[in-house]
There are 2 protein chains.
Amino acid sequence: MEQEHAANRENSLREDRDGSKPIVRKTLHSELLERLRQMIVDGDLTPGSKVPEKSLCDRFAVSRTPLREALKVLASEGLVILTPNRGAMVSDLTFDDLEEVFPIMGALEALSGEMACAHISDEEVAEIRALHHQMVAHFEARERFEYFIVNQKIHERILVAARNETLAKLYRGLSGRVKRARYLANMSIARWTEAVEEHELILKALEERDGSALARILKDHLARKFEIVKDGLTSGRN
Amino acid sequence: MEQEHAANRENSLREDRDGSKPIVRKTLHSELLERLRQMIVDGDLTPGSKVPEKSLCDRFAVSRTPLREALKVLASEGLVILTPNRGAMVSDLTFDDLEEVFPIMGALEALSGEMACAHISDEEVAEIRALHHQMVAHFEARERFEYFIVNQKIHERILVAARNETLAKLYRGLSGRVKRARYLANMSIARWTEAVEEHELILKALEERDGSALARILKDHLARKFEIVKDGLTSGRN
DNA sequence: ATATTGAATTATGAATTCAATTTCCCTGTC
DNA sequence: GACAGGGAAATTGAATTCATAATTCAATAT
């Protein structure tokens with residue numbers, strides 16, 4: 001992630017000059033970082049399980065040096081826990097963690113909504129509207145997974161429209177940490193219907209560029225999602 | 001930072017078990033991380049300057065391996081920029097960066113205020129009240145630096161009272177990134193007076209546990225600080 | 001004098017090596 | 001049969017080494 005940041009600066013500088021594309025060579029550790037992060041977020045590495053360096057090295061066919069560099073970064077992002085001399089563990093989401101992360105995401109999402117309203121273009125609104133209709137179609141067909149994906153896309157578009165990369169990065173980081181939990185949120189049809197209705201409001205606020213309204217809606221929207229996830233967790237753990 | 005997190009868990013686990021103090025052995029890279037971060041935040045390493053690994057290795061008398069691990073983490077925090085094959089640079093705060101970071105800090109500080117009101121104890125309020133009076137005294141004596149320090153402490157206490165370590169960590173991270181810029185905010189006496197008045201409101205909201213009020217006040221408070229910093233930057237750069 | 005090329009130097013990326021700690025298994029004892 | 005002790009094997013922390021890319025600087029051409 002940090003590498004791309006640097007690379008982008010370099011990018012824009014060179015492109016400004018002559019418009020030719022620079023050759024982007026990634027370092028091993030940055031590629032590892034991406035892949036590992038993806039694996040953790042997608043649940044390919046089970047939470048709570050130990051991750052011996054050796055096995056990862058074998059899997060990716062790299063030496064321990066770049067791998068360890070990547071692990072250090074993942075630890076600083078909270079995706080793994082490093083214990084000195086005892087190695088890495090895929091961090092497990094405790095209930096407390098969720099309770100800490102969700103309010104923050106709520107605040108950030110509200111902010112992103114507000115800023116998006118200030119900056120979003122008509123084209124972007126149109127794209128989100130299209131996605132919205134797609135999503136509604138998936139809802140009517142009761143296609144949970146497809147709904148989930150398009151839903152994510154919409155929120156991602158809003159984030160992009162906020163024109164604040166720092167905000168986007170932070171939000172994505174937090175989002176990655178709770179993503180697994182969100183899959184668990186198996187909404188009832190009643191709640192699902194509500195969620196879709198909320199999305200109607202989201203679209204409306206965006207179209208009207210009503211920042212404070214969108215902020216409020218998004219915050220509530222996420223708070224309710226949290227309630228669902230919470231119930232899912234508490235009922236599932238006993 | 002990530003090591004301490006792990007270490008803390010380890011800590012609490014062991015203390016729960018037998019009450020004896022655990023032996024905390026830090027890894028080299030985690031110590032390096034701390035020291036480097038401090039140096040950058042404090043401005044000991046000048047922004048924009050290149051940081052050859054060799055010189056840092058010599059300075060701390062360590063090999064490149066743990067140093068490079070620390071650099072990777074600092075890069076992910078945004079404190080340094082890593083460019084493949086070209087080394088590390090202490091990241092310079094651009095005006096755009098500030099403009100991105102401050103709204104986020106505003107949102108997070110507002111959230112921390114709201115949560116603090118829900119959780120803060122009478123003792124903590126009393127401590128903050130004491131700090132507040134200290135701060136007012138420094139204001140009346142026009143002791144800018146001392147005021148600045150106590151001011152920071154107050155905001156830190158609110159952050160702690162919010163009982164959300166994730167939030168605290170995020171906020172501190174962002175705060176570190178703009179800390180140097182904040183020193184620059186050389187307020188006029190008029191603005192300074194206003195700031196102190198705002199702090200009266202902050203204290204009042206805390207005492208009354210009025211979360212939404214505190215959230216609003218803190219957000220505005222920070223927004224104004226941003227205005228000052230912004231002016232300082234724009235006037236200073238031409 | 002300035003710009004350009006190419007070799008020498010330096011710095012970085014990554015693998016390997018070495019040292020220290022932990023883990024695991026085996027044995028012996030109670 | 002449970003448990004403590006000891007030692008081998010495995011795992012991690014950190015230094016060193018090797019390979020490759022970037023930078024510097026002098027020699028040459030323009």
Side-chain angles (χ1 to χ4, degrees), chain A residues 1-7 9-11 13-14 22-36 45 48-76 80-91, chain B residues 1-7 9-11 13-14 17-18 22-36 45 48-76 80-91:
Chain A
M1 178 161 40
E2 76 294 359
Q3 300 291 55
E4 289 90 80
H5 192 265
R9 289 202 175 188
E10 197 58 29
N11 255 349
L13 276 178
R14 295 205 186 161
I23 300 167
V24 190
R25 276 164 312 174
K26 286 188 184 174
T27 57
L28 257 189
H29 106 266
S30 75
E31 285 197 62
L32 278 174
L33 185 54
E34 270 178 52
R35 304 239 346 229
L36 285 173
L45 294 174
S49 67
K50 277 203 155 189
V51 193
E53 294 176 4
K54 181 75 165 50
S55 69
L56 289 178
C57 287
D58 290 347
R59 177 162 355 187
F60 296 113
V62 297
S63 76
R64 283 174 55 215
T65 307
L67 182 92
R68 286 169 55 80
E69 291 172 347
L71 282 179
K72 298 285 184 296
V73 175
L74 289 174
S76 90
V80 306
I81 310 279
L82 291 181
T83 313
N85 294 315
R86 268 182 248 189
M89 195 181 88
V90 179
S91 72
Chain B
M1 179 161 36
E2 76 295 358
Q3 297 294 56
E4 289 90 80
H5 193 263
R9 289 203 175 189
E10 196 57 31
N11 259 348
L13 275 179
R14 294 203 187 163
R17 234 183 269 141
D18 60 4
I23 300 166
V24 191
R25 275 163 313 174
K26 287 189 184 175
T27 57
L28 257 187
H29 107 266
S30 75
E31 285 198 60
L32 278 173
L33 185 53
E34 268 178 54
R35 304 238 349 226
L36 284 173
L45 294 174
S49 68
K50 278 204 159 186
V51 194
E53 294 175 5
K54 182 73 165 53
S55 70
L56 288 178
C57 287
D58 291 346
R59 172 156 4 181
F60 296 112
V62 296
S63 77
R64 282 175 54 218
T65 307
L67 182 93
R68 285 169 57 78
E69 291 172 347
L71 283 179
K72 298 286 183 295
V73 175
L74 289 174
S76 90
V80 306
I81 310 279
L82 292 179
T83 314
N85 296 314
R86 268 181 250 186
M89 197 181 88
V90 180
S91 72

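Note on naming: letters A, B, ... go to the chains in the order of the sequence lines (proteins, then strands), and numbering restarts at 1 for each one.
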Ignoring hydrogens and angles, are the base of dG13(D) and the side chain of R64(A) linked by a donor-acceptor pair under 3.5 Å? yes

Would you mind telling me which residue lines up with the more 5' stretch of DNA chain D, T65(A) or G87(A), judged by nearest nucleotide? G87(A)

Any idea which heavy atoms bring S55(B) and P52(B) closest together, and the distance? OG-O, 3.0 Å

Rounded to the Å, how far apart are L67(A) CG and dA14(D) P? 16 Å

Calculate the interatomic distance between L32(B) atom CG and dA14(D) atom C1'; express it in whole Å. 11 Å

Rounded interatomic separation in angstrom, taking NZ from K26(B) and P from dT21(C): 18 Å

Quick note, N85(A) side chain, CB onward, closest among dT22(C), dA15(D), dA14(C) is dT22(C)

Are the side chains of V80(A) and M89(A) in touch, meaning some heavy atoms are under 4.5 Å apart? no

Whole-Å gap separating C1' (dA11(C)) and CE (M89(B)): 17 Å

Just how far, in rounded Å, is P of dT11(D) from CG of L71(A)? 15 Å

Any L36(B) side-chain heavy atom under 4.5 Å of L56(B) side chain: yes

Non-hydrogen side-chain atoms of E69(B) and E69(A) separated by less than 4.5 Å: yes

Close side-chain approach of E34(B) to K26(B), heavy-atom, < 4.5 Å: yes

Among residues 48-63 of chain B, which contact DNA chain D at a heavy-atom distance under 4.0 Å? S63(B)

In whole Å, I'd like the distance from the CZ atom of R68(A) to the P atom of dT12(D). 8 Å

Just N and O in the side chain of R86(B): are any of them under 4.0 Å from OP1 or OP2 of dA21(D)? no

Do L32(B) and P66(B) touch side chain to side chain, with heavy atoms closer than 4.5 Å? yes

Let me know the distance between CG of L28(A) and C1' of dC18(D), rounded to the nearest Å. 15 Å

Does R64(B) pair with E53(B) as a salt bridge, N-O distance under 4.0 Å? yes

